[in-house]
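Convention: sequence-line order gives letters A, B, ...; per-chain numbering from 1.
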Number of protein chains: 2
Amino acid sequence: MTDKEQPKRSRRSSGAITLRDVAMLAGVAPITASRAINTPNQVSPDVLRKVQEAVQRTGYVPNRMAGGLASSRSRLIAAVVPSTVVSVFMETIESLNGTLFDAGYQLMLGQSGYSAEREELLLEAIIGRRPDGIFITGILPPGKARTRLLASGIPVVETWDLTPTPIDMLIGFSHSDIGREVAQFLIRKGYTKFAIVRAEDERADRRTVAFQETVAQLGLPPVFVANVGASRSLKSGREAMARILAEAPDSQAVFCSSDLLALGVMTEARARGLTVPDDIAVMGFGDVPFVADMVPALTTVRINGGQIGTLAARFLMDRAEGRTVDPRIVDVGFSIIERDSTALAKTLT
Amino acid sequence: MTDKEQPKRSRRSSGAITLRDVAMLAGVAPITASRAINTPNQVSPDVLRKVQEAVQRTGYVPNRMAGGLASSRSRLIAAVVPSTVVSVFMETIESLNGTLFDAGYQLMLGQSGYSAEREELLLEAIIGRRPDGIFITGILPPGKARTRLLASGIPVVETWDLTPTPIDMLIGFSHSDIGREVAQFLIRKGYTKFAIVRAEDERADRRTVAFQETVAQLGLPPVFVANVGASRSLKSGREAMARILAEAPDSQAVFCSSDLLALGVMTEARARGLTVPDDIAVMGFGDVPFVADMVPALTTVRINGGQIGTLAARFLMDRAEGRTVDPRIVDVGFSIIERDSTALAKTLT
DNA sequence: TTGAAAGCGCTAACAA
DNA sequence: TTGTTAGCGCTTTCAA
């Protein structure tokens, strides 16, 4: 046999089994093998069988990078999560990932919350992968990153908040409504003197302001606010409670911007011989799994994080597959879970 | 101008700016633009400037799928995490992701812990992306998934455990050592009657067995073991404690397979009027951030999860870039953090 | 239903 | 230092 046209240049090749190998083994053209694998009802049963056999025999795994390049569809979704993983987001990421995986998509992770410069790099890295969609925890503030995303044309879903001007799609809830409703809830229970423990966080700020406004409208005494800065640790909660007891000792109920802070508040109260809720009521935010079974069980605000993840996955896949999403803004709401930590105090009855 | 060779077939094209566009704008060949971007010191200052300018002007973001396909290097690392995200792993994932990102790699997430069939699908999905490395939380048990990974030839690092037969690389610690050392620690403190609260988990099992053996060797009474099944919730801890108090009421110290279970044990103890550590000592595993500041502060076993993540990232990148990793098995150890929950009991002094 | 050709956007290999 | 050529492995387009 004369060898015909030996390539002048050798070329690497990763060595892995390719579609070509499978096609040759099955005795069909590569494109036919591709169809047998991706759209099986476009080929004859005979071809289908032969190709499947060849796939089995070779252990062929399609190269999605090549597929993505050829089809301009990466089947990749990027998720931007805060670098300080607050467990409250994990439920969302898990359901996002689960829903995507079931539909043949993969999740890429990016950590935000560093410098603006790094945020730029993160966006570059993400866009460079040409994901079919981007999930963002929170709302991207105006700036270079936002502009860049907008320019990329990639479907984006922002979450965990509401705004009239999302980049693209939005699944969230109103933090102001939470502040207001929590205040109303506590006031209905008979409390009148409040303290708030909050982390330095724009969303917590909106909850705080709404809470304060509601209290002010009813002519109740001003709310004592303990800002714990960036830290959301149990320790910060304890320190904040110490401050409350020193500077606003007549507080009857404390609303915290996270369950962990609430745990800290309760810990400090107990360490000082106070009883929750008899001496002071405590309320959290997030409903992380274990606060329901503490003693006292924590009253808190529950967000259906799983629903946010599932919906976001659907929205992004819909858009990736050419469907339109309507409405593009969804308010998933929240619920106040009443437990023992806000049972009516003895001193109020 | 006569138009020369109009292509017979039109072809989509994603519409995005490509390297070709940048190169044309800069007046150089695509490969030169590529070099200016990727290996700037291989081009003249003049070319570098022109290309950088063109990148700026166009907002060009390289297509990493194309780059990966051409170079057989995806700069993608896949991480397999348990589907029930236990916060104890988050520190590892964050430092893994951070270290990778700084070096220009991206992290892909896969959730394990479902059926063997789904595990197979997960591996397929991962291998299909041709990652440069795979991070696994835990050790992959023998089975199809393990065989497939081994066959793929992709560098793998298993973590959080030790075994003489890893797939490839391994960064972990000995669970038996933990069980033994925790037993010795508690015995040294004067305790003699023990209970263990553990989740249904192979690693927790090894800690338990080593604990029991150590106790038995010293001729102490057998350890009461409360198995809480798959659940690791605070509630399970409470239920387990209830069982301990009913079936082994003379227990002096309880070792739990997670901090959250320990929290449940302490909660139940307190709910029944018992004081920790005066009436019973409690010890956890994991050292999640907030247990240091509870009252009483929890004695626990600390694993340096961040170190595992950073090391794993280095190992995988080393291998991806052709360097050899030696040794391939690293024991990062653990430490027992002594706090108030195991302060010597009154009844023992 | 099947296949040939072309090319997605990039980089390795070789040449000047 | 710069450029030419030839693919990486797949899918789209067009044709049979």
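Every side-chain contact (heavy atoms from CB on, under 4.5 Å) that B:Asn38 has, sequence neighbours left out, goes to B:Ser34. For A:Gln111, the side-chain hydrogen bond (donor to acceptor under 3.5 Å, both in side chains) partners are A:Tyr114, B:Asn97, not counting sequence neighbours. By the side-chain contact (heavy atoms from CB on, under 4.5 Å) test, B:Leu121 is found to be paired with A:Phe101, residues two or more places apart in sequence or in another chain being considered. Under the rule for a side-chain contact (heavy atoms from CB on, under 4.5 Å), the partners of A:Leu162 that lie at least two apart in sequence or sit in another chain are A:Leu170, A:Ser174, A:Asp331. Scanning for side-chain contact (heavy atoms from CB on, under 4.5 Å) contacts around A:Gln42 gives A:Arg35, A:Thr39, with sequence neighbours left out. Remark: A:Asn41 pairs with no residue by the side-chain hydrogen bond (donor to acceptor under 3.5 Å, both in side chains) rule, at least two apart or across chains.
Look at CG on A:Leu19: it is 13 Å from P on D:dT12, rounded to the nearest Å. When the C1' atom of D:dC10 is taken as reference, atom CZ of A:Arg20 falls 12 Å away, rounded to whole Å. Summarising the geometry, the separation between CZ on A:Arg129 and P on C:dG9 is reported as 17 Å, rounded to the nearest angstrom. Whole-Å rounding puts the A:Ile127 CD1 to C:dG9 C1' distance at 17 Å. Look at CE on A:Met65: it is 19 Å from P on D:dG7, rounded to the nearest Å. Nucleotide D:dT11 holds its P atom 11 Å from the CZ atom of A:Arg75, rounded to whole Å. Between A:Arg73 atom CZ and C:dG9 atom P there is a gap of 16 Å when expressed in whole angstrom units. Computed from coordinates, the B:Leu69 CG to D:dC8 P distance equals 9 Å when rounded to whole Å.
Rotation axes derived from the C1' atoms of the five outermost pairs at either end of the helix from C:dT1-D:dA16 to C:dA16-D:dT1 lie 30° apart, to the nearest 10°.
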Donor-acceptor pairs under 3.5 Å, side chain of residues 53-60 of chain A to any protein atom, not counting sequence neighbours: which ones?
unit_1: A:Thr58; atom_1: OG1; unit_2: A:Ala54; atom_2: O; d: 2.7
unit_1: A:Thr58; atom_1: OG1; unit_2: A:Val55; atom_2: O; d: 3.3
unit_1: A:Thr58; atom_1: OG1; unit_2: A:Tyr60; atom_2: N; d: 3.4

Review item, side-chain donor-acceptor pairs of residues 125-138 of chain A, under 3.5 Å, at least two apart:
unit_1: A:Arg129; atom_1: NH1; unit_2: B:Ser74; atom_2: O; d: 2.6
unit_1: A:Arg129; atom_1: NH2; unit_2: B:Ser74; atom_2: O; d: 3.0
unit_1: A:Arg129; atom_1: NH2; unit_2: B:Arg75; atom_2: O; d: 2.7
unit_1: A:Arg130; atom_1: NH1; unit_2: A:Ile127; atom_2: O; d: 2.9
unit_1: A:Arg130; atom_1: NH1; unit_2: B:Val61; atom_2: O; d: 3.3
unit_1: A:Arg130; atom_1: NH2; unit_2: B:Val61; atom_2: O; d: 2.8
unit_1: A:Asp132; atom_1: OD1; unit_2: A:Ser74; atom_2: N; d: 3.1
unit_1: A:Asp132; atom_1: OD1; unit_2: A:Ser74; atom_2: OG; d: 3.3
unit_1: A:Asp132; atom_1: OD2; unit_2: A:Ser74; atom_2: N; d: 3.4
unit_1: A:Asp132; atom_1: OD2; unit_2: A:Arg75; atom_2: N; d: 2.7
unit_1: A:Thr137; atom_1: OG1; unit_2: A:Val80; atom_2: O; d: 2.5

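At a non-hydrogen distance threshold of 4.0 Å, A:Ile31, A:Ser34, A:Asn38 from residues 26-45 of chain A come into contact with DNA chain D. Proximity of residues 46-61 of chain A to DNA chain C (heavy atom under 4.0 angstrom from any strand atom) is restricted to A:Val47.
Side chain of A:Ser83 to backbone of A:Ser112: a donor-acceptor contact under 3.5 angstrom is found.
For B:Glu117, the CD atom sits in a loose shell: 12 or fewer heavy atoms of surrounding residues, nucleotides or ligands are nearer than 6.0 Å.
Side-chain proximity of A:Ala66 to the nucleotides C:dT11, C:dC10, D:dC10 is greatest for D:dC10.
Annotation: salt bridge (Lys or Arg N to Asp or Glu O under 4.0 Å) contacts involving residues 144-155 of chain A, sequence neighbours excluded, comprise A:Glu124-A:Arg148.
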